[in-house]
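Here's the structure we're looking at; comments come further down.
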Amino acid sequence: MTDTPTPDDPSTFASANETVRDVARGVREALDDGQPPGQWKIIVSDLVREAPLSSLGIAFLLGYVIARRR
């Protein structure tokens with residue numbers, strides 16, 4: 001018999017793509033676990049990565065308030 005792919009079987013490329021994604025996710029989680037928790041730079045970095053436009057607005061308003069005091 002010959003092995004003919006069926007529409008339900010993932011292709012070799014799809015399987016390799018999924019494997020690469022899993023490995024990348026594992027590496028990313030391992031790197032994130034290696035950072036000491038509670039450092040303000042890491043907290044700010046995570047916030048900016050999640051919501052860049054909101055972070056930009058907050059930074060602008062904070063700069064405005066600080067500049068206005070002087």
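Residues meeting the salt bridge (Lys or Arg N to Asp or Glu O under 4.0 Å) test with Arg21, sequence neighbours left out: none.
Open room surrounds CG on Leu53; 12 or fewer heavy atoms of other groups in view lie less than 6.0 Å from it.
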Q) Do Asp22 and Arg25 pass the side chain to side chain contact (heavy atoms under 4.5 Å, CB included) test, and can you show the C-alpha distance, the side-chain angles, and the key distance before you say yes or no? A) CA-CA 5 Å; Asp22 290 341; Arg25 187 178 304 117; 3.0 Å; yes
